[in-house]
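Throughout, residue positions are numbered sequentially from 1 according to the sequence presented. Treat the numbers as computed from the prediction; the structure is a model and nothing was measured.
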Amino acid sequence: NYFGARQQFINENGGKKITDIDEYMKLHGAADELMITGMLMQAEKLGIDTNSREFRRLFYEKNWPDITQRKDTNIQTPAI
């Protein structure tokens, strides 16, 4: 689960101890980048053209809203 791995990355890198919102947001950004990279690598491994218009459209319609919602929720109610 990519979202579980994302949260684990945040926790393992001090997400619960960070008191600075900018640092907290940078950590979330790094976690998002790793998660999306993992998604793209898995798609490519399955033979999916991640540069195709269809893939990008589906990614932004299906995955991106969930990613941004989780990020917004975590930032609004940080564990700090």
Side-chain angles (χ1 to χ4, degrees):
N1 177 321
Y2 293 104
F3 292 105
R6 176 188 179 277
Q7 190 62 48
Q8 181 179 349
F9 175 82
I10 291 169
N11 292 340
E12 289 177 353
N13 286 279
K16 293 183 179 182
K17 296 178 184 176
I18 295 173
T19 57
D20 180 74
I21 191 67
D22 290 330
E23 187 177 341
Y24 190 74
M25 291 177 69
K26 285 179 187 177
L27 179 59
H28 276 267
D32 289 342
E33 285 183 35
L34 287 172
M35 180 182 65
I36 292 168
T37 299
M39 289 177 166
L40 292 173
M41 290 174 66
Q42 182 65 26
E44 289 172 350
K45 186 176 179 181
L46 294 171
I48 298 169
D49 179 6
T50 58
N51 293 313
S52 72
R53 172 179 265 167
E54 181 180 8
F55 177 85
R56 289 191 310 252
R57 181 181 59 80
L58 289 172
F59 180 85
Y60 284 108
E61 285 178 5
K62 304 290 183 188
N63 294 11
W64 191 248
D66 196 26
I67 292 168
T68 55
Q69 179 186 14
R70 287 172 189 258
K71 183 176 183 177
D72 291 346
T73 299
N74 286 342
I75 290 173
Q76 289 173 11
T77 56
I80 56 176

Undergrad: Quick check: do R56 and R53 have side-chain heavy atoms less than 4.5 Å from each other?
TA: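 Yes - at least one pair of side-chain heavy atoms lies under 4.5 Å apart.
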Undergrad: Let me confirm one number: the NE2-CD distance from H28 to Q7, rounded to the nearest 0.5 Å.
TA: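 Answer rounded to 0.5 Å: 6.5 Å.
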Undergrad: Using the rule given for side chain to side chain contact (heavy atoms under 4.5 Å, CB included), can you reason through R57 versus E54, listing the C-alpha separation, both sets of side-chain angles and the distance that settles it, and then say yes or no?
TA: CA-CA 5 Å; R57 181 181 59 80; E54 181 180 8; 4.1 Å; yes
Undergrad: Report yes if the side chains of D32 and F9 come closer than 4.5 Å at any heavy-atom pair, otherwise no.
TA: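 Heavy-atom side-chain distance check fails, nothing below 4.5 Å.
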Undergrad: Closest approach of Q42 and Y2, non-hydrogen atoms and distance?
TA: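 In this case the closest contact between Q42 and Y2 is CB-OH, 3.0 Å.
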Undergrad: Look up atom CG in L46 and atom CE in M41, then write down how far apart they are to the nearest 0.5 Å.
TA: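 Answer for the CG-CE pair, L46 versus M41, is 12.0 Å.
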Undergrad: For the CG atom of N63 and the CE atom of M35, what is their distance to the nearest 0.5 Å?
TA: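 Output value for this atom pair is 8.0 Å.
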Undergrad: Do you know the tightest heavy-atom contact between F55 and I48?
TA: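 Looking at all heavy atoms of both residues, the shortest contact is CD1-CG2, 3.7 Å.
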Undergrad: Distance check, rounded to the nearest 0.5 Å: D20 atom CG versus K26 atom NZ?
TA: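 D20 atom CG to K26 atom NZ measures 8.0 Å (nearest 0.5 Å).
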Undergrad: Rounded at 0.5 Å granularity, tell me how far OH in Y24 sits from NZ in K16.
TA: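 The distance works out to 9.5 Å.
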Undergrad: Please determine whether residues W64 and L34 belong to a single hydrophobic cluster, defined as Ile, Leu, Val, Met, Phe, Trp and Tyr linked transitively by side-chain heavy-atom distances below 4.5 Å.
TA: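 Different hydrophobic clusters.
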Undergrad: Dump the intermediate steps for side chain to side chain contact (heavy atoms under 4.5 Å, CB included) on F59 and I67, then the final yes or no.
TA: CA-CA 10 Å; F59 180 85; I67 292 168; 4.0 Å; yes
Undergrad: Any idea which heavy atoms bring E44 and T50 closest together, and the distance?
TA: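 Looking at all heavy atoms of both residues, the closest pair is OE2-OG1, 2.9 Å.
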Undergrad: L27 and I10: which non-hydrogen atoms are nearest, and at how many Å?
TA: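 Smallest heavy-atom distance, with atoms named: CD2-O, 3.7 Å.
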